[in-house]
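Read the structure below first, then the notes.
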Amino acid sequence: MKNVFMVSALCGLLTACGAPEQHTAKSTEEKIDSLISELTIEEKVALIHSESSFASGGVKRLGIPHWVMSDGPHGVRKEHGTDYVPDEGVADSITYLPVGVALASTWNPELGYQYGEVLGSEANARGKDVILGPGINIIRTPVNGRNFEYLSEDPYLISKMVVGYIKGVQDQGISACVKHFAANNQETQRTQVDVYMSERALREIYLPGFKAAVQDAEVNTLMGAYNKFRGQYCTHNDYLVNTILKGEWGFKGVVMSDWGAVHNTMEAINNGTDVEMGTDLSLGSNPNYGKYFLGDTVVSLVNSGKVDVKIIDDKVRRILRMMYKTNMFGKRQSGAFNTKEHQATALKIAEEAIVLLKNDNILPLKRESVKTIAVIGANATRKHAGAGGSSQVNAKYEVTPLEGIQKLLGDKVVVKYAAGYEISKEAKANPALIQEAAKLAASADVVIYVGGWIHGFSDAWTDNAFDSEDTDKPNIILPFGQEELLKAVQKANAKNVVVLYGGAATDMNAWEKQAKAIVQAWYPGMEGGTALAKILFGETNPSGKLPMTFPKKLEDSPAHANGSYPGDKNNGWKAEYKEGIFVGYRYYDQNKVAPAYPFGYGLSYTTFEFGKASATKADGGNVVVKVTVKNTGKVAGAEVVQAYVSASETKIERAPKELKGFKKVFLQAGESKEVEITLDQNAFQYYDEATKSWATEKGRYTILIGNSSRNTPVTADTNF
Ligand code: BGC
């Protein structure tokens, strides 16, 4: 049952106090004023801290409901109450969408909106008020355990995808919660690490996604991160929250803490934390949320005159404002979960998310000419929904790769399976399993290897590993002895396709050359196996593009090359982001480090040709880029036209190129289309630390156009 009071029944009684009543001409702010004037300090304080693991307090007397929150980011969690116990009646299962990084790989903002719509609708059906997503921290290192939940290494791609997601959720009358603000780029020592970076890196790389969430998508809530930033915890960081978020950006919504991320009452009061959330595990089945930093102490501080009640009122005002905005005092939109439409959205996103990295004329496989297929690798039968930390989802179903392949092929092709490796903490290469797999590989026409990463060993939190919350990967070399296995399988059968599950890059050096094709599947959601099979057998033409650089080896990636990951243990876990603005492809370009697969890259079963490009100045300083793209192959497909800006005559240090526009176009075989991309002023600006403002340098700019950060065959120039 929904954990709120019976508000509508109370409404009639409440018109006298004027509070949640909907029918007068009073503005919302006036209604909030009168409601605040009715609240006692104890009631105000009840609203600003959690009352159970996933709900903040309400005020029954005035019909103010609890605020019921739910992870997020790729499905609606089942718990409402204390200690992560499923609420009665909600232990059923929901839609498991492809994870965040998969959504970003579609490079299709419209799918971001549809993704959000599914979450919003299911949240409504499940009685949740806030979805704790999207997660948009920058993918700074391939080992971050939560990369799979995040979107990209590039702030522009994040900004475009995040807006759709948030609007999709909020158009359903549910609040989204963009997280984790800010610089939460690793799980190792996540509650200790103290991040330092240049102001320019902060403004140009780490903040634009959040700014877009606030200003373009008008997100209702935002979650402060666990880590420190320049010596102060992010959730109550004066500079991040007061100065930038609520000051410069004018954020009117609610800042909630990450779970247990508040460490100091006065800082939380003064530095903009509106709601302290967390799980009180210390008292077992008898939690006492009153002892939270924003709990009973605040009542005493106000009563003794040490804290001005106006500061608390501002927090309450923000909460009430979002409650009105999402119609929590009125009738909520109806929602639904597990509908065919939601499952179809999960499938569509997965189909556009999967990235084809390599293809030596083996894909798509032709079912007419293949008689036997060896499917090898434990991820072919593994389900991933139920693990990974707070994002885990109780999925209605999850089509595994093996099931997807079998279903698509029916009984016309013999499909045999061997795990080849074990998934367990101790697992190393297992000679018996390898031998069995190699034998099977030798006997088949073609091998589909499905391996890569997992979230955890089971769905227990304590078993989280690899692509999971609270832990980073030790390195990016395939676990469980998969390299040995792959080598044996590839020796037994040269016709092998390697499919990788995982949230980020893998070191492929040991087996890449011998793979005829490589497919990055991410964690593609409940219809992932169906989508994968459709791609392998050519029913779907792949169109996913990498939202991050895949380095050849971990040491090539900036935070590892400069030794700043994971921070200095002997110096309060200080992590100095020495690479500055050179994050992701900006670093690889600047330092001429060849990646294994570059940002923006992904193959198709067809070919595209770019015609001449033009760049024309339009009103308001915008630059309109036009380019014709032609599908020159034999099948229909989609290409992502990417526009990178390069300040050709710059006198300051700038990245060689930066993504500033993109468009995904669907083209029939032989079809061509003119694609128009508008670059606004922001596309040419850099953050000037001296003047503390955005600036456009005078001079020539080259717009590089192509289908990856390392393939930009056409250019057009403009001047400022
Ligand atoms: C995570 C958040 C999550 C929260 C609630 C925290 O540990 O960092 O992303 O929303 O738990 O489950």
Side-chain angles (χ1 to χ4, degrees), residues 49-56 67-87 90 99-101 119 123 126 128-138 144-151 162 165-166 169 174-193 209-210 213 219-228 233-235 254-263 273 275-281 287 289 292 385-394 455-456 459-462 464 467-472 503:
H49 67 78
S50 47
E51 193 190 71
S52 70
S53 295
F54 285 99
S56 65
W67 225 11
V68 180
M69 325 209 170
S70 170
D71 292 295
H74 47 259
V76 178
R77 283 270 293 277
K78 61 187 177 190
E79 304 89 345
H80 278 181
T82 308
D83 299 343
Y84 294 84
V85 176
D87 260 15
V90 293
V99 297
V101 75
L119 292 170
R126 304 294 290 273
K128 316 272 188 175
D129 306 311
V130 185
I131 283 290
L132 303 174
I136 64 162
N137 292 97
I138 288 284
N144 181 5
R146 294 186 86 171
N147 281 340
F148 74 99
E149 288 183 63
Y150 299 151
L151 303 180
V162 80
Y165 178 123
I166 292 168
V169 171
I174 295 291
S175 290
C177 177
V178 67
K179 66 190 188 184
H180 310 86
F181 189 69
N184 186 178
N185 309 103
Q186 69 190 54
E187 290 300 289
T188 300
Q189 299 296 333
R190 68 175 175 172
T191 60
Q192 301 291 317
V193 68
F210 289 102
V219 70
N220 289 351
T221 79
L222 169 143
M223 188 188 290
Y226 278 126
N227 51 293
K228 290 182 191 160
Y233 277 107
C234 288
T235 295
V254 173
V255 172
M256 71 174 81
S257 72
D258 200 339
W259 267 230
V262 174
H263 298 268
T273 318
V275 180
E276 180 184 5
M277 290 303 296
T279 302
D280 184 3
L281 296 173
Y289 289 94
Y292 263 33
S390 57
S391 65
Q392 65 195 41
V393 154
N394 193 28
H455 291 308
D459 60 4
W461 265 78
T462 46
N464 281 343
D467 283 320
S468 280
E469 188 175 334
D470 214 13
T471 176
D472 285 339

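Whatever order the structure lists them in is the order used to number ligands and atoms, beginning at 1.
Only the side chain of Glu469 comes within 4.0 Å of ligand 1, judged by heavy-atom distances. With a heavy-atom cut-off of 4.0 Å, Arg146 touches ligand 1 through its side chain alone. Under 4.0 angstrom from ligand 1, the non-hydrogen atoms of Lys179 all belong to its side chain. Residue contacts with ligand 1 for Arg190 involve side-chain atoms from C-beta outward but no N, CA, C or O (heavy atoms, distance under 4.0 Å).
In this structure, the side chain of Tyr226 does not engage the main chain of Gln189 through any donor-acceptor pair within 3.5 Å. Although no hydrogens or angles enter the test, the distance criterion places a donor-acceptor pair under 3.5 Å between the side chain of Lys128 and the main chain of Arg77. Side chain of Ser50 to main chain of Ser56: no donor-acceptor pair is present (N/O by atom type, distance under 3.5 Å, no hydrogens or angles).
The two residues His74 and Leu119 have their closest heavy-atom pair at C-CD2, 4.0 Å. Shortest non-hydrogen contact noted between Glu187 and Thr471 is CB-N, 3.4 Å. Residues Gly75 and Val393 share a closest heavy-atom pair of CA-CG2, 3.6 Å. The minimum heavy-atom distance between Ile136 and Gly209, with the atom names listed, is CD1-C, 3.4 Å.
Close approach to Ser390 involves these atoms of ligand 1, each under 4.0 Å from a residue heavy atom: 1 (C), 2 (C), 3 (C), 9 (O), 11 (O), 12 (O). Within ligand 1, counting atoms from 1 as listed, the ones closer than 4.0 Å to a heavy atom of Tyr226 are 6 (C), 7 (O), 8 (O). For ligand 1 and Leu132, the ligand atoms under 4.0 Å from any heavy atom of the residue are 10 (O). Of all atoms in ligand 1, numbered sequentially from 1 with element shown, those under 4.0 Å from a heavy atom of Phe54 are 5 (C), 12 (O).
Residue contact annotation: His180 has a non-hydrogen atom under 4.0 Å from ligand 1.
Ring orientation note: the planes of His49 and Tyr292 are tilted relative to one another, at an angle of 30° to 60°.
In terms of polar-atom proximity, defined here as any N/O pair under 3.5 Å, Asp258 does make such a contact with ligand 1. Below 3.5 Å of separation, one finds an N or O of Asp71 facing an N or O of ligand 1.
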